[in-house]
Chemist: 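Before we start, here is the structure in question, set down as structure tokens.
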Amino acid sequence: MRTALALAAVFAVASPALAQTRGTATDIANADVQALAKTMSAMPGGDELLRVAGINNGEYNVGVAIVHRAKAVNIAASLAHHQITEIYHIISGSGTMVSGGTIENAKDTTDAHTISVVGPSAAGGKIAGGVTRKIGAGDVVILPPDTPHGWSEVSEELVYLVVRMDPRKVLKPK
């Protein structure tokens, strides 16, 4: 009997904690991903947010974007996002990515679109001392905050989905 009462007391105390909702799931349909990618295909490059969701009742945000890069050689542009971790999943295409090292002539960007989709960032020219490797369809790349990154070449038109972990909530829910 005492055991039953003790268990009842534990469940009575624990039930409200178990019932608390940490947040809700966010679904993004493949049709939405493909539609945005298609609208970007005529551009030489682009980065557009598909969705920004508040996680754990607003504890942090996660942004999902589609990025398009047209075929190009000898690209001399790079970025490093100060507050956001990015996770790339390459949907199609291939290229040579450079990350790490130092951005030549880096300056904090003032471009409003860049700041709205990736948060405060430094932008500049080529990356000196970075790691260079071929990236293609199906590959996943994780870029921590303040990690210089860019493409030195796009061999085949690239389309990739980017998940942006935003603990400081610089991206606005959409």
Side-chain angles (χ1 to χ4, degrees), residues 26-55 61-101 103-127 130-166 168-174:
T26 300
D27 298 331
I28 301 173
N30 183 48
D32 295 339
V33 171
Q34 296 303 323
L36 182 55
K38 185 176 181 180
T39 66
M40 298 171 70
S41 65
M43 299 186 277
D47 185 332
E48 296 295 333
L49 280 171
L50 190 58
R51 187 88 33 90
V52 175
I55 305 298
N61 288 340
V62 172
V64 177
I66 299 297
V67 178
H68 172 266
R69 300 281 179 251
K71 186 175 179 176
V73 294
N74 298 321
I75 302 169
S78 56
L79 288 167
H81 312 303
H82 299 314
Q83 300 172 351
I84 291 178
T85 294
E86 290 188 314
I87 303 166
Y88 292 4
H89 179 245
I90 309 302
I91 296 171
S92 63
S94 63
T96 303
M97 176 175 254
V98 183
S99 63
I103 299 174
E104 294 177 355
N105 303 312
K107 293 185 174 129
D108 283 338
T109 186
T110 57
D111 178 69
H113 181 72
T114 300
I115 293 169
S116 74
V117 297
V118 296
S121 302
K126 288 186 176 185
I127 295 174
V131 176
T132 301
R133 71 260 188 216
K134 290 285 189 183
I135 302 291
D139 290 340
V140 174
V141 178
I142 301 170
L143 297 161
D146 287 314
T147 301
H149 60 281
W151 300 96
S152 62
E153 173 188 33
V154 176
S155 315
E156 291 178 78
E157 176 184 45
L158 271 166
V159 176
Y160 50 103
L161 183 125
V162 181
V163 176
R164 296 187 169 123
M165 305 304 292
D166 178 16
R168 295 196 176 113
K169 298 186 266 188
V170 297
L171 303 178
K172 302 304 173 215
K174 171 178 184 174

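Not measured: the values here are computed from a predicted model. Just the heavy atoms: all of them, side chains too, but no hydrogens, waters or symmetry mates, feed the values below.
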Chemist: Kindly say whether L171 contributes a backbone atom to a donor-acceptor pair with the side chain of N61 at under 3.5 angstrom?
Modeler: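 Yes.
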Chemist: Suppose we screen for side-chain contact (heavy atoms from CB on, under 4.5 Å). Which residues come up paired with D108, at least two apart in sequence or across chains?
Modeler: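 With neighbours one apart ignored, the set is H82, A122.
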Chemist: Applying side-chain hydrogen bond (donor to acceptor under 3.5 Å, both in side chains), name anything that partners N74, two or more places apart in sequence or on another chain.
Modeler: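 Here no residue qualifies.
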Chemist: side-chain contact (heavy atoms from CB on, under 4.5 Å) with T132: which residues, sequence neighbours excluded?
Modeler: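 In terms of side-chain contact (heavy atoms from CB on, under 4.5 Å), with neighbours along the sequence ignored, T132 is linked to T96, V98.
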Chemist: Tell me which pairs pass salt bridge (Lys or Arg N to Asp or Glu O under 4.0 Å) where either residue lies in residues 89-101, with sequence neighbours left out.
Modeler: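 Salt bridge (Lys or Arg N to Asp or Glu O under 4.0 Å) check on residues 89-101 returns no pairs.
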Chemist: What pairs with T109 under side-chain hydrogen bond (donor to acceptor under 3.5 Å, both in side chains), at least two apart in sequence or on another chain?
Modeler: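 Result, side-chain hydrogen bond (donor to acceptor under 3.5 Å, both in side chains) vs T109: none returned.
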Chemist: Taking only residues at least two apart or on different chains, which pairs with a member in residues 71-84 satisfy salt bridge (Lys or Arg N to Asp or Glu O under 4.0 Å)?
Modeler: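 Pairs touching residues 71-84 that pass the test: none.
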Chemist: Not counting sequence neighbours, list each pair that qualifies as a salt bridge (Lys or Arg N to Asp or Glu O under 4.0 Å) and has a residue in residues 145-159.
Modeler: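 Counting only pairs at least two positions apart or across chains, the salt bridge (Lys or Arg N to Asp or Glu O under 4.0 Å) contacts touching residues 145-159 are K134-E153.
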Chemist: Going by the rule ring pair (Phe, Tyr, Trp, His ring centres under 6.0 Å), which residues pair with H68 if we only count those two or more places apart in sequence or in a different chain?
Modeler: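 By the ring pair (Phe, Tyr, Trp, His ring centres under 6.0 Å) rule, H68 matches no residue at all.
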Chemist: Please confirm whether the backbone N or O of V67 pairs with a side-chain atom of D47, one donor and one acceptor, at under 3.5 Å?
Modeler: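 Here the side-chain-to-backbone pair does not exist.
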Chemist: Determine whether V33 and I91 make a side-chain contact, defined as any pair of heavy atoms from C-beta on separated by less than 4.5 Å.
Modeler: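 Yes - at least one pair of side-chain heavy atoms lies under 4.5 Å apart.
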Chemist: Any side-chain to backbone donor/acceptor pair from T114 onto A112? Under 3.5 Å, distance only.
Modeler: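 Answer holds: no.
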Chemist: Return each pair, listed once, that meets ring-ring contact (aromatic ring centres under 6.0 Å, His included) where at least one residue sits in residues 139-166; pairs must be two or more places apart or across chains.
Modeler: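 Qualifying pairs: H81-H149, Y88-Y160, W151-Y160.
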Chemist: Quick one: side-chain contact (heavy atoms from CB on, under 4.5 Å) partners of R51, sequence neighbours excluded?
Modeler: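 With neighbours one apart ignored, the set is T26, I28, D32.
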Chemist: Would a 4.5 Å heavy-atom cut-off, applied to side chains only, mark V162 and I87 as touching?
Modeler: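 The answer is no; the side chains never approach within 4.5 Å.
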Chemist: Excluding sequence neighbours, so at least two apart, what forms side-chain hydrogen bond (donor to acceptor under 3.5 Å, both in side chains) with R168?
Modeler: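 For R168, no residue satisfies side-chain hydrogen bond (donor to acceptor under 3.5 Å, both in side chains) once neighbours in sequence are set aside.
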Chemist: CD1/I135 to OG/S155 distance, rounded to the nearest 0.5 angstrom?
Modeler: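 I135 atom CD1 to S155 atom OG measures 11.0 Å (nearest 0.5 Å).
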Chemist: Could you name each residue pair satisfying salt bridge (Lys or Arg N to Asp or Glu O under 4.0 Å) that touches residues 72-86, not counting sequence neighbours?
Modeler: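 Listed once each, the pairs are E86-R164.
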Chemist: So P148 and S78, do their side chains get closer than 4.5 Å, heavy atoms only?
Modeler: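 No, their side chains stay 4.5 Å or more apart.
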